[in-house]
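Notes to accompany the following structure.
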Amino acid sequence: MCRFAKALLAGVCLLVLPGPAGAGSLGDRISGLIGGNGPADGEFLPPDEAFELSAEVVAPDRIQVYWQIAEGYYLYRDKFSFEVDEPGVTVNGVALPEGEIEEDPYFGRVAINTGVVEAGVTLAREKQTAQGINLAVAYQGCKKDAICYPPQTRTLALALPAGGASIPSATGGDSATGSAEAVTNLSEHDRITQNLKDESVLLNIVVFFGFGLLLALTPCVFPMIPILSGIIVGHGRDITTGRAFLLSLVFVVAVSITYAVLGVIAGYFGFNLQAASQNIWVIVLFSAVFIALALSMFGFYELQLPVSWQERLNQTSRQQKKGSLHGAAVMGVLSAIIVGPCVAPPLAGALLFISQTGDAVLGGLALFALGIGMGVPLLIIGTSAGKLLPRAGRWMEAVKNVFGVLLLGVAIWLLGRVLPGPVTMLLWALLIIVSAIYMGALDRVESKPGWFRLWKGLGLAMLVYGMTLIIGASTGSGNVLSPLAGITGGGKQDALHFTSISTVNDLERIVANAGRENKTVMLDYYADWCITCEEMERFTFSDPGVQAALQDVVLVKADVTANNDADVALLKRFGLFGPPAILFFRNGEEVTSHRLVGFVKAADFIRHVNQVEQL
Amino acid sequence: MKTRHIIYVGLLMAVLGGVVSHLYYNQYSSPDRKMAPPVKDPESLEVGTHRPDFALPDIEGVTRDVGEWNGKVLVLNFWATWCPPCRDEIPEFVHLQEKYAEQGVRFVGIAPEEAGPVSDFAAEFHVNYPLLIGQGDVIRISEEYGNTIGALPYTVIVDREGRIAHKQRGPLPGEKAESIIQSLL
């Protein structure tokens, strides 16, 4: 790689990866400086802002507790303590970061912690079944040379999974930066991930097979197939059809196994995008890569292995003995590696996609299917001596463009996680409409053969759909599958009707009543200064699907803007540090596993509500 | 070579785009931490209202009632030995107490601690005014006196008629304390 690229890569890593001493990445610190890091000099932060506390259950017997300590503040390392009041559960190990040593004129040398503090709490559990616990966390700290806080204790309600269960991604909701996510939504995630896995493995394999087939139809692959076949099978009068098929099969399987190995590697070293999508950078970077790959498919430039490598591999390939099984296998492996400019970008895209699932098995299977798909035309040619395949032509360029569009689609899907719903819809609309135009939606077809009418028809359908997306986006809808739902509802949809409460008593009364009527209660903590609450109102609560899902739910809102005693009591009652927080109650008590403490998009929210209703 | 550079520039622009959107997103959508309401003076204790009553034991175990110092200029300093900035300002208070004792100024230290560490400190620093102790009581009383975030040091100056004259969150510089005291003599 040239020096320019190395410097670029280093710069990106510096900005994105966490800095030393757990101080947060450089990017975080820059944004901290620009975004403002608390009130002006001379004012002091309340303890929950100076030391933002959150926790995550990362294993059945392990909890990670985090403090985000404001600039200029610190916590005493020897004042941390953790306790569980549940019978049968005890804290039997705590791992704290080293911290820095300070010279205190009175106490001598003390260890303090600053910035982001991460404590690993290990539990000893008698029961192995899933249970909820209360973790009492105590800590004490000061603002340097200014004020000190008395010892603080906070109780966090956490859901521990059954012993031996693994947690795919332990954070719920889609909030972007380190907000106080005190509760893990395990049941939902376990269930959803399981479902997706079962269905999607099969679906993915089929889809990758299809892609492989499509790849074989690209301009740099398809014309080569007869030639390749000739080389593998050799030219001999006494080569039987069976032998020709066997040789071709060996070649194709070798290719597929090579791709499968790449897929396993990508899946193994991959990561969970859900967790990484907490960092918006990763998403944008990935989208950019996919866009770059797409542009390559559209012909703006070529991406492939360095030509010198390709030459060397070609040489080795030509040295193989023709008509031998061994030779066919070796050629298969080499052929998989010598990726030309048509195959390289989609292959890279496929591997990237696999890597973000983090699933090595899926990676292996899917890429194997891709290889087989790519090999099907070769098998057909090898056994039928070229009689069964369509002739090469300009239509192959269109295949390349199809891949380009697919790659752009992946980029938009990725960006959809971080962009507002309507913006994502607009991007989809653009992609679909432009593709439709290229398919000939607005061209005249009188004198052209039948195929063109088919494409024009499909293109027109896509054009109309794309236009509905634009209309839907402008009404603020974020739902790609029903963009006009807002309009068909008859103009402005009604806002959700919340009952306001101001004290814990109000809430308990409502929850008890609802429990008797077997209704679900949803409690939404709100404050004027809570941006995430605002986003929920605008993007999620306004969604017609969400409103429908909440039809039978008793909606309660606690406006804690004033932060008076009653508000503080309401927050403390559930171990909250402030909004946003959405709690659900069934049968007179809270369903702690379904607590939401961050932004949740409409589709996910609907699913979430439906789950709670079924409890 | 040239096409490769185009790719790199494109990636650089994407990264920059990521930086900008990260900053924007961070600022705009990060919950509450940067947007929480500024801590206001509580309506419960405006300057000029009468000071709340309380009674706490001193380090000798004798219960002292705040009414004992009616008619004096009263400086109530909430502090603790485990609070470095609190300890730093005590020598200055000791000095001021000595200077204005005859003119009816009384400093009182109130710490949410056990008697032990406080008496050790008093002996070492020759504290010449009463030191009261307590636990949760002390923080609660300081909150009644307007200490909304419950942090130390927190100092309240009360005039001879028992009305709140000044509330100070954080350290109280000597000159400021002195000028307020002088205005109340």
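Just so it is clear: chains get the letters A, B, ... in the order the sequence lines come, proteins before strands, and each one is counted from 1. The structure displayed is predicted, hence computed values, not measured ones.
- With a 4.5 Å cut-off on non-hydrogen atoms, A:Gln140 touches chain B through its side chain but not through its backbone.
- By the 6.0 Å contact criterion, CD on B:Gln135 is enclosed, its count of non-hydrogen atoms from other residues, nucleotides or ligands being greater than 12.
- Contact annotation: the side chain of B:Pro85 never approaches that of A:Asp145 to less than 4.5 Å [non-hydrogen atoms, C-beta and beyond].
- Interface residue B:Pro84: backbone and side-chain heavy atoms are both found under 4.5 Å from chain A.
- With a 4.5 Å cut-off on non-hydrogen atoms, B:Ile139 touches chain A through its side chain but not through its backbone.
- Here the closest heavy-atom approach between residue B:Trp82 and residue A:Tyr76 is recorded as O-OH, 4.0 Å.
- If you tally non-hydrogen atom pairs under 4.5 Å between each of A:Pro150, A:Cys142, A:Pro47, A:Ala50 and chain B, the highest count goes to A:Pro150.
- Contact of B:Trp79 with chain A is not made at all, since no heavy-atom distance falls under 4.5 Å.
- Closest heavy-atom contact between A:Leu45 and B:Ile149: O-CD1, 3.7 Å.
- No more than 12 heavy-atom neighbours from other residues, nucleotides or ligands sit within 6.0 angstrom of CD on B:Glu114.
- Comparing B:Ala80, B:Cys83, B:Pro112 by heavy-atom pairs within less than 4.5 Å of chain A, the highest count is held by B:Cys83.
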